[in-house]
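Have a look at the structure below before the remarks.
We're numbering straight along the sequence, starting at 1. When a ligand or atom number is given, it counts from 1 through the structure's own listing order.
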Amino acid sequence: MTFKTKLTTWLPEIDIAFPGLLIILAALFPFWSSTPAYTGQIILLGAIYAIALLGLDLIVGYAGALSIGHAALFGVGAYTTGVLTLQAGFPGWLALPISAILAGCAGWLMSLPLLKANDKYVALGTLVFGLSASIIFNEWNSITGGSIGLTLPPQRWAGLQLSTYHYTYLALILLVLSIKIINTLTQSSLGRAFEAMRDAPIAAECMGIHVNRHKQGSFVMGGLFAGLAGGLFALSQGYIASSSFSFEMSVNFLLALMLGGKKSRLGILLGAAVVIFLPLMLSSIMEWHPIIYGGLILLATYVLPGGIVSLLPHKYTSKKTYIAPVSHDQKAIHLTSHTTIDTSILALDNVSMRFDAFYALKNVTLHIKPGTIAGIIGPNGAGKSTLINILTGIYTQTDGDISFCDQSTHSWATSKLAQAGIARTFQNLQIFCGLSVLENILVGLHHCHENNPLKIATGLHTKKDFTAYERAWSLLHLVNLHEYAHTLASALSYGQKRFLEIARALACNPKLLLLDEPAAGMRGADLEQLKVLIQSIRRHGIAVLLIEHHIDIITTLSDHIFAFNFGELIAHGSPEHVITHHAVKEAYLGS
Ligand code: ADP
Ligand code: MG
């Protein structure tokens, strides 16, 4: 069977055409400007700030973290170039990449709080980092020259004395390259992982994506771009002083990104104009800048959350799309079949979950075999979802042992459990709203992609992606969502979202699938489709743990039912046995 899968992706037209035109127009400045020296300098600065903003967009727009210290990374780049060229005699072209790498390391340092704290404290961490850096830049006179600054030696590359014109063209070339790399990165599995963890971090973790490591990755990559921009700033201006990398500059960067528009190259170019012109427009009231910038950020968040780009006609801001496989055997369902063995795939031994003095689960012992469906029933608050949360590492049981495929899963992280073959859906839907339906499934296929950023940036990743795309399409067919492949996932109906979650979980190639009330909110034909789907999943040797209130679904599908009440297992056995059990009747109807 041959698949002709076309992996062509495209960005919204607005993000190719407009930035392209603007950059070409900028490059022609000697022909149209009556003050080319001044215009060239403005374009140079614009390109430099745009490169720095591309890095900030990775962190804020894609990965969904908040950075209030980006100017510090820009500064690390600038001072590295300054010190290397001035004190160590490095040529500028060598100092630039070193500056980018050092700023990437600084980005990693800045993201360290991620290892221990939640997002709010991480934002606080970037603030502290930014403020500390600006103090160090100002006070460490022997290295940075403090407020007096550093004057860099003029650059001669291959016998050519570099002028502002040269720098302007160098900056424009580096900007085009940076945009190209950002386009590739953000449309790869890495970009999708960033957006997934921004929209639903727990679900992303359950897809095997190590969320904190990816967030740290976004800071490192953001730092690389900021450092490159900083180095270029130092070289081209020939002089740097601490005021260019102040905390105020960090706020200005953030404001520029919010005003221009996140996740958009055109937004970045508009943002760069904000970085340059806003301080000029407000130059008479310098001391008020931080307050005005802060106020504008708040205003932008409320009034124009999508930034200026979102004001452009809607059809131009259409979502990036993937072309469907040209020929596709729709019946080729890529569900990996697992061999059914007669031992348990999952075993819980006396597992308890205590919240303070309250037991959500108490001494639960149960076994599940591959290729079987274990139904879980019980009134609301019985501890059913808690069981799934423990199995996926979102909670750690306070007592007892769990083994999966004969391995104790004690202290395994959520992403490790996912990679080992445990996938789930959520009672309260956790869809990646900012991604298309197809992309949601591709996130589940994260493990099949090339995830090395260097290989992605250099375009060496597409081969591995072919298989992943084929599987994604067949899973879409499996749940009947192929016609919605390019629809934004948030636009699906409730029932469709439930099917999407199941397909996304199947994409993880699970040995054990945990379904938390998959039929909730479904009616008629959807319920029938769901039954057929779950049966076909069982046929592939996948063990299913099915929490459901629909008595018809649970009794027709389950091989074995476990009934819970107040965290305790009150009955288990065949469907007939359990639903006629007196303790179960009592739990549902009262004595
Ligand atoms: P259900 O069977 O309806 O899925 P859950 O497993 O969601 O029930 O909840 C079982 C009990 O545990 C409920 O009383 C719930 O309030 C409690 N519970 C669940 N998660 C937590 C938590 N993080 N902290 C405190 N109590 C919790
Ligand atoms: Mg529940």
Side-chain angles (χ1 to χ4, degrees), residues 117-120 200-203 205-206 211 346 348-366 368 373-400 402 409 411-414 417 422-431 494-495 497-502 504-505 512-522 527 530 534 544-555 557-558 560-572 575 578-579 581 583-590:
N118 73 22
D119 281 0
K120 276 177 245 155
I202 291 177
E205 197 84 42
C206 289
V211 167
L346 177 75
L348 275 77
D349 186 20
N350 266 313
V351 170
S352 297
M353 181 75 218
R354 190 163 44 84
F355 294 108
D356 295 325
F358 164 79
Y359 279 91
L361 279 182
K362 201 168 182 184
N363 296 332
V364 175
T365 297
L366 62 82
I368 297 177
I373 297 174
I376 305 278
I377 60 169
N380 282 334
K384 306 181 296 296
S385 296
T386 302
L387 178 66
I388 289 196
N389 285 334
I390 290 175
L391 290 175
T392 48
I394 290 162
Y395 298 158
T396 306
Q397 73 269 27
T398 40
D399 261 309
I402 299 174
T409 61
S411 74
W412 283 20
T414 298
L417 288 161
I422 300 181
R424 70 171 291 179
T425 64
F426 295 85
Q427 182 178 355
N428 301 316
L429 288 162
Q430 301 234 8
I431 294 288
Y494 197 70
K497 283 182 184 158
R498 292 231 173 257
F499 279 110
L500 176 59
E501 274 207 352
I502 297 177
R504 189 181 66 178
L512 172 66
L513 177 64
L514 314 170
L515 301 174
D516 199 346
E517 303 197 18
M522 280 191 190
L527 286 176
L530 181 66
I534 296 177
V544 180
L545 194 146
L546 172 66
I547 297 178
E548 225 355 291
H549 285 305
H550 277 258
I551 203 73
D552 160 49
I553 291 197
I554 206 91
T555 50
L557 291 181
S558 305
H560 202 93
I561 294 184
F562 298 89
F564 286 81
N565 198 18
F566 295 119
E568 289 185 77
L569 190 56
I570 51 171
H572 69 98
V578 174
I579 58 166
H581 197 286
V584 177
K585 284 185 182 164
E586 211 175 285
Y588 274 96
L589 305 170

Could you check ligand 1 for N or O atoms lying under 3.5 Å from protein N or O atoms and list the pairs with distances?
{"from": "ligand 1", "atom 1": "2 (O)", "to": "Ala382", "atom 2": "N", "distance (Å)": "3.1"}
{"from": "ligand 1", "atom 1": "2 (O)", "to": "Gly383", "atom 2": "N", "distance (Å)": "3.0"}
{"from": "ligand 1", "atom 1": "2 (O)", "to": "Lys384", "atom 2": "N", "distance (Å)": "2.8"}
{"from": "ligand 1", "atom 1": "2 (O)", "to": "Lys384", "atom 2": "NZ", "distance (Å)": "2.9"}
{"from": "ligand 1", "atom 1": "3 (O)", "to": "Gly381", "atom 2": "N", "distance (Å)": "2.8"}
{"from": "ligand 1", "atom 1": "4 (O)", "to": "Ser385", "atom 2": "N", "distance (Å)": "2.9"}
{"from": "ligand 1", "atom 1": "4 (O)", "to": "Ser385", "atom 2": "OG", "distance (Å)": "2.9"}
{"from": "ligand 1", "atom 1": "6 (O)", "to": "Ser385", "atom 2": "N", "distance (Å)": "3.3"}
{"from": "ligand 1", "atom 1": "6 (O)", "to": "Thr386", "atom 2": "N", "distance (Å)": "2.8"}
{"from": "ligand 1", "atom 1": "6 (O)", "to": "Thr386", "atom 2": "OG1", "distance (Å)": "2.5"}
{"from": "ligand 1", "atom 1": "8 (O)", "to": "Gly383", "atom 2": "N", "distance (Å)": "3.4"}
{"from": "ligand 1", "atom 1": "20 (N)", "to": "Tyr395", "atom 2": "OH", "distance (Å)": "3.1"}
{"from": "ligand 1", "atom 1": "23 (N)", "to": "Tyr395", "atom 2": "OH", "distance (Å)": "3.1"}

Could you check whether any side-chain N or O of [X] sits under 3.5 Å from a backbone N or O of [Y], counting only pairs where one atom can act as donor and the other as acceptor?
X      : Y      : result
Thr414 : Cys206 : no
Thr555 : Asp552 : yes
Thr398 : Ser352 : yes

Contacts of Glu501 meeting salt bridge (Lys or Arg N to Asp or Glu O under 4.0 Å) (sequence neighbours excluded), chain-then-number -> Arg504
Within the 4.5 Å heavy-atom criterion, are [X] and [Y] side-chain neighbours or not?
X      : Y      : result
Leu530 : Ile502 : yes
Ile402 : Leu346 : yes
Pro518 : Leu546 : yes

Can I get a per-line list of side-chain donor-acceptor pairs under 3.5 Å for residues 378-385, giving both atom names and the distance, sequence neighbours left out?
{"from": "Lys384", "atom 1": "NZ", "to": "Gly378", "atom 2": "O", "distance (Å)": "2.9"}
{"from": "Lys384", "atom 1": "NZ", "to": "Pro379", "atom 2": "O", "distance (Å)": "3.1"}
{"from": "Ser385", "atom 1": "OG", "to": "Gln427", "atom 2": "OE1", "distance (Å)": "2.8"}
{"from": "Ser385", "atom 1": "OG", "to": "Asp516", "atom 2": "OD2", "distance (Å)": "2.8"}

In terms of relative ring orientation, are Phe562 and His560 parallel, tilted or perpendicular, with 30° and 60° separating the classes?
tilted
Distance below 2.8 Å from the Mg ion (ligand 2): how many protein N/O/S atoms qualify?
2
